[in-house]
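From a predicted model like this one, the values you see are computed outputs, not experimental measurements. Every chain is numbered from 1 and lettered A, B, ... according to where its sequence line falls, protein lines coming before strand lines.
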Amino acid sequence: MRNVFLFIRRYSNFLLFLVLQIIALYFLFSYNRFHEAAFSEVADRITGNINSRYNYVDYYFHLRNTNEQLVKENLQLRSLLKQNYEAPDTANVLVVDSILVDSIKKFQKYEYHAAKIVGSFVSTQTNYLTIHRGANQGIQRDMGVIGPLGIVGRIVDVSDQYATVMSVLSVRFKVKAKLKNGGENGTVEWDGASPSYIYLKDIPKSAKVKKGDSVLTSELSSIYPANIMVGTVADISADKESNFFSLKLKTATNFYSIQYVYVVGDLQREERNQLQEATKKTNE
Amino acid sequence: MSDLLRNIIRFILFILFKVFVLHQEPPLHQFVIPYLYFLFILWLPYRISRGGLMLLSFLLGLTLDYFLKTPGLHAAACVLVSYIRPFLINMLMPKETADHNYSSPSIISMGWAPYATYVVVLTFLHNAYLVFLEWMQFGNFFYFLGKVSATTGVGFLLIMITELLFFRKEKFRTNTI
């Protein structure tokens with residue numbers, strides 16, 4: 001017994017080194033449980049607070065860009081207005097709805113929360129944004145995040161007032177997307193190199209692709225509504241060994257200047273997940 | 001200013017500088033990520049106990065991790081740096097003379113060549129371990145080599161610029177009282 005104590009005393013520094021390493025590596029490799037493991041909620045609140053103070057100053061330097069983005073988005077939305085389209089006369093029949101139930105409300109699938117970005121960076125392999133909206137305002141994990149011009153990321157952590165968004169510029173991030181023209185589905189990934197370009201993989205070589213084609217979110221995506229801009233094709237390279245294209249996309253969102261985002265909540269997600277779970281169970 | 005107060009201020013400044021200046025810059029290349037914050041560990045006084053040094057470094061790394069959302073990554077690298085630091089100082093310093101004449105490692109107390117070696121070795125260790133952990137999760141060997149050499153080069157340059165800009169006056173402590 002005495003020898004054990006002597007051993008511990010003699011190598012106490014090395015043992016402390018090992019213990020601290022193990023704690024650090026445990027945090028690192030149990031990323032999904034990190035939230036419970038390392039008081040991340042309290043830390044999110046503190047770092048979020050400091051970030052928003054910094055952003056209070058930094059915000060003014062990006063106002064011009066933010067304004068331009070909002071004008072572009074307004075233009076896009078205005079062009080969708082009903083009054084811009086003329087219906088052919090024959091189809092213009094007035095139907096009086098006799099049901100007193102609000103039938104629109106019932107089928108609402110997505111809800112949007114506007115949120116201000118208070119912290120962001122694009123210089124590592126896994127990039128995150130911090131937004132000033134949290135659990136108190138109805139933000140939950142795995143909600144999609146879109147900007148005025150295209151997709152931004154996905155919620156990964158939520159505290160009371162703040163939420164952390166894993167951005168598209170993250171090697172862990174994957175999302176389903178499709179070509180606007182052909183409708184072929186593929187997977188969007190980032191390779192970690194340049195913050196302006198992402199990659200669309202798994203598009204069959206039979207697809208007709210040109211430079212400048214738009215890529216939109218797919219109906220298969222479980223976190224985004226369909227048909228939201230992802231990017232435009234900047235370069236096409238065919239993989240010789242497989243039957244697929246690898247398309248280099250210019251991101252629609254400018255991650256350097258973005259200031260406001262919308263968090264998209266899928267109101268039917270629970271139901272969808274339950275169904276998928278049930279299907280899995282019955283087929284096993 | 002007391003050592004404690006000075007180090008608390010340094011701690012805060014290094015973290016804020018990394019999070020809001022170095023990390024906000026658009027990267028020149030995927031490999032060139034400037035790190036300066038661990039200079040805090042390099043500047044700590046000689047007299048600090050080894051256990052305290054490691055705990056403090058762990059705290060420094062973890063604080064940065066909370067800002068950059070990389071749980072444990074920088075903490076692990078900082079603990080390694082602080083574990084190696086005393087061995088390196090013992091190796092580079094003539095034992096009897098300089099050890100007790102100045103309070104902390106600097107160009108004045110160690111001399112140019114030993115101090116540069118001290119910085120290069122610890123910068124290399126920090127970055128190699130950091131990128132190695134990143135490599136374990138994704139990436140390939142080429143990525144590892146390229147990123148370690150680029151970050152170490154940039155890190156060393158940054159540290160030397162900092163040393164020249166913020167010249168630390170070291171008092172010569174006599175033991176002839």
What part of [X] lies closer than 4.5 angstrom to a heavy atom of chain B: side chain, backbone, both or neither?
{"X": "A:S194", "result": "neither"}
{"X": "A:F14", "result": "both"}
{"X": "A:I50", "result": "both"}
{"X": "A:Y54", "result": "side chain"}
{"X": "A:D58", "result": "neither"}

Relative to chain A, which segment of [X] carries a heavy atom at a distance below 4.5 Å: side chain, backbone, both, or neither?
{"X": "B:F58", "value": "side chain"}
{"X": "B:L73", "value": "both"}
{"X": "B:L80", "value": "both"}

Interatomic distance, [X] atom [atom1] to [Y] atom [atom2] [nearest 0.5 angstrom]:
{"X": "B:D65", "Y": "A:T47", "atom1": "CG", "atom2": "OG1", "answer": "11.5 Å"}
{"X": "B:H23", "Y": "A:N127", "atom1": "NE2", "atom2": "CG", "answer": "7.0 Å"}
{"X": "B:T70", "Y": "A:Y128", "atom1": "OG1", "atom2": "OH", "answer": "8.5 Å"}
{"X": "A:F27", "Y": "B:Y66", "atom1": "CZ", "atom2": "OH", "answer": "5.5 Å"}
{"X": "A:F121", "Y": "B:L22", "atom1": "CZ", "atom2": "CG", "answer": "13.5 Å"}

Backbone of A:S120 reached by a side-chain donor or acceptor of B:Q24 within 3.5 Å: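 It does hold such a pair.
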Chain B: which of A:L25, A:N13, A:I23, A:V122 shares the most heavy-atom pairs with it under 4.5 Å?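 Greatest number of close heavy-atom pairs with chain B: A:N13.
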Winner by heavy-atom pair count (cut-off under 4.5 Å) against chain B, out of A:D191, A:L16, A:L20, A:I46: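 So the answer, after comparing A:D191, A:L16, A:L20, A:I46, is A:L20.
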Among B:A76, B:P86, B:S82, which residue has the highest count of heavy-atom pairs closer than 4.5 Å to chain A?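 So the answer, after comparing B:A76, B:P86, B:S82, is B:A76.
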Of the options A:L129, A:T126, A:V156, A:T130, which is the one that meets B:K69 in a side chain to side chain contact (heavy atoms under 4.5 Å, CB included)?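 Of A:L129, A:T126, A:V156, A:T130, side chain to side chain contact (heavy atoms under 4.5 Å, CB included) with B:K69 is met by A:T130 alone.
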Test side-chain contact (heavy atoms from CB on, under 4.5 Å) on B:L133 and A:L28 and set out the steps. CA-CA 9 Å; B:L133 288 176; A:L28 186 59; 4.0 Å; yes
Under 6.0 Å from the [atom1] atom of [X], do we count more than 12 heavy atoms belonging to anything else shown?
{"X": "B:F132", "atom1": "CZ", "value": "no"}
{"X": "A:K116", "atom1": "NZ", "value": "yes"}
{"X": "B:F11", "atom1": "CZ", "value": "yes"}

